[in-house]
Amino acid sequence: MNSNPVSRSAKARAAADLPPWKGEPLVRRGQRLVYEMEDFDDADGSAFLIRDTGATGERLSFEWIGAEGLGDSILGLTTEALESARTMLRFSQGSVSTYDGVQRSGAPFVHSRPPGKIFTDHLPPFLLCRDTLRALRSGAPFTVVGEWVDDREHPMQVVGIDACPVIVDGKVRKIPVVVAQGKEITLWIVNDERWPILVKREEYDNGWLLTRIDSAQQSGAPFI
């Protein structure tokens with residue numbers, strides 16, 4: 001995940017000093033979030049096209065399209081998932097699957113589910129749940145579930161603030177983020193109480209990186 005390096009030298013701040021997101025929501029109808037993903041045996045792109053967010057952000061539906069047009073599944077998330085889901089949907093090589101949060105050596109941990117599913121207990125890799133963001137903001141201890149690392153819960157702490165360059169409708173824009181780190185995981189989080197987007201996620205040499213955001217007017221363009 002070296003295509004968009006982000007400095008980690010920012011001085012850690014008290015929770016009350018963390019800058020809140022003040023721009024337009026990064027998750028809104030017609031918006032497309034374009035990510036690069038790398039894992040142990042694959043490196044490709046994914047686009048997440050936002051279809052619906054409800055009147056007040058009480059739900060989310062989105063379409064996933066892989067690097068070669070694979071996937072193209074429309075998935076939905078309930079309020080429960082947005083508020084408190086701990087585990088992530090897995091998007092790779094044209095398939096969507098779920099992760100049970102417990103990876104054992106030599107044992108399978110991914111369980112496939114059909115496209116078109118509405119989830120109450122999983123999130124896409126571009127979101128944190130709101131409960132986790134609230135804990136982060138309050139200065140309380142918090143944990144996240146890994147996508148590639150082995151343990152179920154990973155203690156995290158805020159280590160600083162930063163700004164990540166992202167192409168927004170064709171222009172490079174610096175997106176302010178909060179940086180949180182654990183033993184094996186580092187997250188770059190948009191401090192938006194409704195839509196806590198992950199701009200970047202690193203686990204070992206694996207991770208997700210937000211490279212581009214296209215508005216509804218731009219979302220017809222190819223993303224790879």
Side-chain angles (χ1 to χ4, degrees), residues 1-28 31-38 45-48 50 53 57 60 62 82-83 85-86 88 91 123-149 154-215:
M1 302 300 292
N2 297 319
S3 58
N4 190 2
V6 178
S7 170
R8 299 187 192 180
S9 62
K11 185 178 180 180
R13 306 290 184 91
D17 294 332
L18 298 177
W21 176 251
K22 296 181 179 179
E24 290 291 321
L26 297 180
V27 174
R28 60 183 187 270
Q31 196 95 313
R32 184 171 59 182
L33 309 175
V34 181
Y35 281 80
E36 292 180 359
M37 185 275 285
E38 293 183 4
S46 285
F48 301 95
I50 307 303
T53 61
L60 175 66
F62 62 94
L82 295 171
E83 289 291 327
R86 305 289 297 154
M88 290 189 303
F91 296 84
L123 289 174
F126 60 84
L127 272 181
L128 278 185
C129 75
R130 294 162 184 166
D131 280 353
T132 298
L133 183 72
R134 283 189 281 266
L136 178 156
R137 282 180 157 189
S138 71
F142 67 99
T143 62
V144 299
V145 176
E147 181 171 359
W148 289 275
V149 294
H154 293 261
M156 304 287 289
Q157 63 177 347
V158 174
V159 296
I161 60 174
D162 220 317
C164 297
V166 178
I167 298 172
V168 180
D169 287 341
K171 297 180 180 180
V172 177
R173 178 178 174 185
K174 292 291 187 72
I175 304 294
V177 293
V178 176
V179 185
Q181 195 169 52
K183 183 178 179 181
E184 306 286 358
I185 301 175
T186 306
L187 305 177
W188 287 255
I189 307 157
V190 175
N191 188 13
D192 181 346
E193 63 184 1
R194 184 169 293 177
W195 301 113
I197 291 288
L198 288 173
V199 174
K200 189 175 181 182
R201 179 188 190 103
E202 284 187 353
E203 299 182 32
Y204 299 128
D205 293 327
N206 313 301
W208 290 87
L209 174 67
L210 177 63
T211 60
R212 207 170 89 217
I213 300 172
D214 298 328
S215 68

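This structure is a prediction, so every number in the text was calculated from the model and none was measured. Keep in mind that the numbers below use all heavy atoms, side chains included, and drop hydrogens, waters and symmetry copies.
- Between Arg201 and Met88, the closest side-chain pair of non-hydrogen atoms falls below 4.5 Å.
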For this session: Begin with the C-alpha distance, continue with both residues' side-chain angles, and end with the deciding distance and a verdict on side chain to side chain contact (heavy atoms under 4.5 Å, CB included) for Phe142 and Arg134.
Result: CA-CA 9 Å; Phe142 67 99; Arg134 283 189 281 266; over 6 Å; no

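- Here the closest heavy-atom approach between residue Gly146 and residue Ile185 is recorded as CA-CD1, 3.9 Å.
- Taking all atoms of both residues into account, the shortest heavy-atom contact from Pro196 to Cys129 is CG-O, 4.2 Å.
- Between the CG atom in Asp214 and the CG atom in Asp169 there is a gap of 6.0 Å [rounded to 0.5 Å].
- Paired with Leu26 under the rule side chain to side chain contact (heavy atoms under 4.5 Å, CB included), one option of Trp195, Trp21, Phe126 passes, and it is Trp21.
- Between Tyr35 and Phe48, the ring-plane angle classifies as perpendicular under the 30° and 60° cut-offs.
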Exercise. Yes or no on side chain to side chain contact (heavy atoms under 4.5 Å, CB included) for Ile161 and Asn191, after CA distance, side-chain angles and deciding distance?
Worked result: CA-CA 10 Å; Ile161 60 174; Asn191 188 13; over 6 Å; no

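- For the 3.5 Å distance criterion, the side chains of Arg86 and Thr132 qualify, holding a donor opposite an acceptor.
- Residues Ser215 and Gln31 form a side-chain contact, since some pair of their non-hydrogen atoms from C-beta on lies under 4.5 Å apart.
- Of all heavy-atom pairs between Gln181 and Val159, the closest is CB-CG1, 3.9 Å.
- Considering CG of Asp131 and CD of Glu83, their distance stands at 6.0 Å, rounded to 0.5 Å.
- Other residues, nucleotides and ligands contribute only 12 or fewer heavy atoms inside 6.0 Å of the CD atom of Glu193.
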Exercise. Which is it for Val27 and Asp192 under the side chain to side chain contact (heavy atoms under 4.5 Å, CB included) test, yes or no, and what are the steps along the way?
Worked result: CA-CA 10 Å; Val27 174; Asp192 181 346; over 6 Å; no

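- For the pair Glu147 and Asn206, the minimum side-chain heavy-atom distance is 4.5 Å or more.
- Taken to the nearest 0.5 Å, the CD1 atom of Ile175 stands 7.5 Å off from the CG atom of Leu210.
- Using a 4.5 Å heavy-atom threshold, the side chains of Leu82 and Arg130 count as touching.
- Two residues are said to be in side-chain contact when any heavy atoms from C-beta on lie closer than 4.5 Å; Pro20 and Arg137 meet this criterion.
- Of all the heavy atoms in Met37 and Trp148, the pair that sits closest is SD-CZ2, 4.2 Å.
- With rounding to the nearest 0.5 Å, the separation of CD in Glu36 from CZ in Arg212 is 11.0 Å.
- The side-chain heavy atoms of Ile167 and Thr211, taken from C-beta on, include no pair separated by under 4.5 Å.
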For this session: Begin with the C-alpha distance, continue with both residues' side-chain angles, and end with the deciding distance and a verdict on side chain to side chain contact (heavy atoms under 4.5 Å, CB included) for Val199 and Val190.
Result: CA-CA 7 Å; Val199 174; Val190 175; 3.6 Å; yes

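- For the pair Val177 and Cys164, the tightest heavy-atom approach, listed with the atom from each and the gap, is CG2-SG, 3.9 Å.
- For the pair Ile189/Leu198, a side-chain contact is recorded, criterion being any heavy-atom separation below 4.5 Å from C-beta on.
- Looking at heavy atoms from C-beta onward, Arg32 lies in side-chain contact with Val34 at the 4.5 angstrom threshold.
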